[in-house]
Each structure stands twice: as structure tokens, then as C-alpha cells.
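One structure is given below, encoded as C-alpha cells.
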2 protein chains.
Amino acid sequence: MRRDVFQAIADPTRRAIIALIALQAMTPNAIADNFNSTRQAVSKHLRILTECKLVKQEYRGREIYYSLEIEKMKEVDKWLEQYRKIWETRFDQLDNILTKINKQKK
Amino acid sequence: MRRDVFQAIADPTRRAIIALIALQAMTPNAIADNFNSTRQAVSKHLRILTECKLVKQEYRGREIYYSLEIEKMKEVDKWLEQYRKIWETRFDQLDNILTKINKQKK
DNA sequence: AATTTGGGAAACCGAATAGTTGCATTTATA
DNA sequence: TATAAATGCAACTATTCGGTTTCCCAAATT
């Protein structure tokens with residue numbers, strides 16, 4: 001089964017879960033309270049997030065606290081890096097053109 | 001049908017297509033040459049990428065040149081922004097701790 | 001000890017996904 | 001003008017996905 005960060009963040013519910021637990025660790029029940037779907041559905045999402053290492057668990061008694069594994073998010077950032085280079089270059093080019101136009105006006 | 005950037009980049013083939021056409025515009029046939037699947041399969045991916053505005057088309061005779069709509073990629077960057085803040089903060093905190101330790105040594 | 005609570009796992013279901021083959025359409029070429 | 005090439009679209013298929021319901025187990029509470 002393919003299980004990478006990109007597939008994990010494709011689902012809007014999972015992105016919402018990520019946003020929730022980014023601030024503080026939460027139990028599945030607490031997370032599920034924020035959604036209309038069942039706890040089991042949330043549990044499934046958590047499993048997917050755990051499998052691709054986007055989330056880590058901390059056992060405390062019978063409760064499990066889930067929190068974001070921020071390091072894994074950098075993978076998306078790393079992938080984006082190559083495209084960021086492109087749009088920055090293009091912005092620079094546009095900037096150069098605008099500078100030239102301004103100089104001509106003066 | 002849900003059709004956003006996150007769903008678009010979830011598929012590895014689509015990410016490969018994006019990487020290909022980021023450098024220069026390409027026709028479906030030329031793109032398909034780089035994959036094992038059929039031209040039609042690639043065409044479907046291109047349709048999805050077009051629908052979510054990640055890709056733009058340029059008609060030239062009977063050929064269609066596809067190229068990356070780099071602006072749309074910024075949406076992912078924007079989403080990532082909030083998490084970048086988190087990992088930069090954590091890095092700063094770690095940095096502060098290391099600085100303190102170094103000062104204590106001296 | 002009996003009951004409640006927190007959470008995972010399995011079985012099932014409908015919809016979406018990614019691929020295929022086949023066909024239609026438009027443009028270029030012989 | 002007949003044919004080849006470039007492409008999109010539709011129908012079909014197997015698999016995955018996201019959700020539900022049901023059930024089980026371990027930890028807490030009474």
C-alpha cells in the first residue's frame with residue numbers, strides 16, 4: 001500500500017486533523033469531537049497519518065495522545081523547493097523588467 | 001468532484017508530470033514517452049491537472065503544449081507556511097538552548 | 001466484581017481512482 | 001483526396017478510499 005506524505009495530506013479531514021494536533025497533542029476522542037464523522041473514521045485517518053510518520057503517539061494510561069511530527073512536514077517543503085526556485089526566478093525577471101521600465105520613464 | 005491541488009499532487013505520476021513540464025512546455029505524446037502507461041492515462045492526468053489549474057494548455061496546430069502554472073503551486077506553499085513557522089520556532093528554541101550551553105561552558 | 005470509558009480492528013458498502021481499450025475528431029502530409 | 005498523426009472522450013475494470021456498524025480488549029471507575 002502506497003503511504004506517503006502527499007497521499008496523507010490529500011484528504012481535507014486529515015489536513016484538519018494535522019492542523020488540530022499541530023498545536024497540542026490530542027486523544028482520538030478529543031479530535032473526533034471536532035468532526036461530524038465517527039471516532040472510528042478519525043481513528044482510520046490517524047492510522048494513515050501514523051503509518052507515514054506524520055504523527056506520533058504517546059501512551060498515557062488507556063489514552064493515546066497524538067501529535068504532529070513536524071519533521072515529516074519538511075518533506076513537502078523539500079519537494080516544493082524546486083518550484084519555489086522557479087517562481088522566485090520569474091519574479092526576479094519581472095522585477096528587472098519593471099525596474100527597466102521605470103528607468104526609461106525617468 | 002473534489003479537485004484541489006493537494007489531491008492533484010497526491011499521485012506520483014502526476015508529480016512526475018509536473019516535474020517534466022516545469023522546465024518546458026510539452027505535448028501529451030512527449031510526456032507519455034516518459035512513462036510506462038498509455039498516452040490516454042497521461043491524458044487523464046493532464047485533465048485533472050488542468051481542472052485544478054495546475055497546468056495550462058497552449059494550442060499550436062494539432063498539438064497541445066502543456067506547461068506548469070507555477071502560481072498554483074504557491075497554494076501548497078501557503079498551506080505549509082503555518083507549519084514552517086512551527087519548525088522554525090522549534091529550531092530557534094533549540095538554538096537558544098545551545099547558545100546558553102555554550103555560554104555556560106565559557 | 002461489575003460497569004463504564006478509551007481506543008483499535010474487522011467486515012462491509014458506495015464512491016472515487018487509475019488504468020485499459022476502442023472510437024471520434026481535427027490537423028498535417030503523401 | 002486519402003492517409004497518418006495528435007489528441008480527447010467514453011465505457012469498462014480492478015483497486016483503493018472514506019465512511020459506517022459491530023465487536024473486542026484494556027484501563028479506569030463505581
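Letters A, B, ... are given to chains in the order of the sequence lines, protein chains preceding strands, and every chain is numbered from 1.
- Side chains of A:R84 and A:D77 form a contact here, defined as non-hydrogen atoms less than 4.5 Å apart.
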Legend entry - Per-nucleotide protein contact string for nucleotides 19-25 of chain D, where B marks a base within reach and S marks sugar-phosphate only (heavy atoms under 4.0 Å, - for neither): BBBB---

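- The interatomic distance linking A:F6 (CZ) with C:dA18 (P) rounds to 15 Å, in whole Å.
- The CD1 atom of B:I9 sits 17 Å away from the C1' atom of C:dT17 (whole-angstrom rounding).
- Distance check: A:E69 CD to A:K53 NZ gives 9.0 Å after rounding to the nearest 0.5 Å.
- Between atom CE of residue A:M73 and atom CG of residue A:L54 there is a gap of 6.5 Å, rounded to the nearest 0.5 Å.
- We find that CD of A:E51 is positioned 10 Å from P of D:dC17, with the value rounded to whole Å.
- Contacts between residues 59-69 of chain A and DNA chain C, defined by a heavy-atom separation under 4.0 Å, are made by A:R62, A:E63, A:I64, A:Y66.
- The pair B:E81-B:K85 does not meet the salt-bridge criterion, since no charged nitrogen lies less than 4.0 angstrom from a carboxylate oxygen.
- Considering only residues two or more places apart in sequence or on other chains, A:D33 meets the salt bridge (Lys or Arg N to Asp or Glu O under 4.0 Å) condition with none of them.
- Contact annotation: A:Q7 reaches the phosphate of D:dC17 (side-chain N/O to OP1 or OP2, under 4.0 Å).
- Summary for the helix from C:dA1-D:dT30 to C:dA30-D:dT1: the axes at its two ends, each from 5 pairs, differ by 10° when rounded to the nearest 10 degrees.
- Rounded to the nearest 0.5 angstrom, A:R47 CZ and A:Q40 CD are separated by 12.5 Å.
- B:L46 has its CG atom 14 Å from the C1' atom of D:dC9, to the nearest Å.
- For the pair B:F35 CZ and C:dA18 P, the computed distance is 13 Å after rounding to whole Å.
- In terms of the salt bridge (Lys or Arg N to Asp or Glu O under 4.0 Å) criterion, B:E63 has no residue partners (sequence neighbours excluded).
- In the displayed structure, B:K56 atom NZ is contacted under 6.0 Å by more than 12 heavy atoms of other residues, nucleotides or ligands.
- The separation between B:I48 atom CD1 and C:dG19 atom C1' is 11 Å, rounded to whole Å.
- Dashed line: the shortest gap from a side-chain N or O of A:N29 to OP1 or OP2 of C:dG7 is under 4.0 Å.
- One finds a salt bridge joining B:R15 and A:D4 here, because a Lys/Arg side-chain nitrogen approaches an Asp/Glu carboxylate oxygen to under 4.0 Å.
- Distances shown here put a side-chain N or O of B:R3 below 4.0 Å from the OP1 or OP2 atom of C:dT17.
- Ion pairing between A:K78 and A:E75 fails under the 4.0 Å rule for side-chain N and carboxylate O.
- Applying the ring pair (Phe, Tyr, Trp, His ring centres under 6.0 Å) rule to pairs touching residues 57-86 of chain A yields A:F6-A:W79, A:W79-A:Y83, sequence neighbours excluded.
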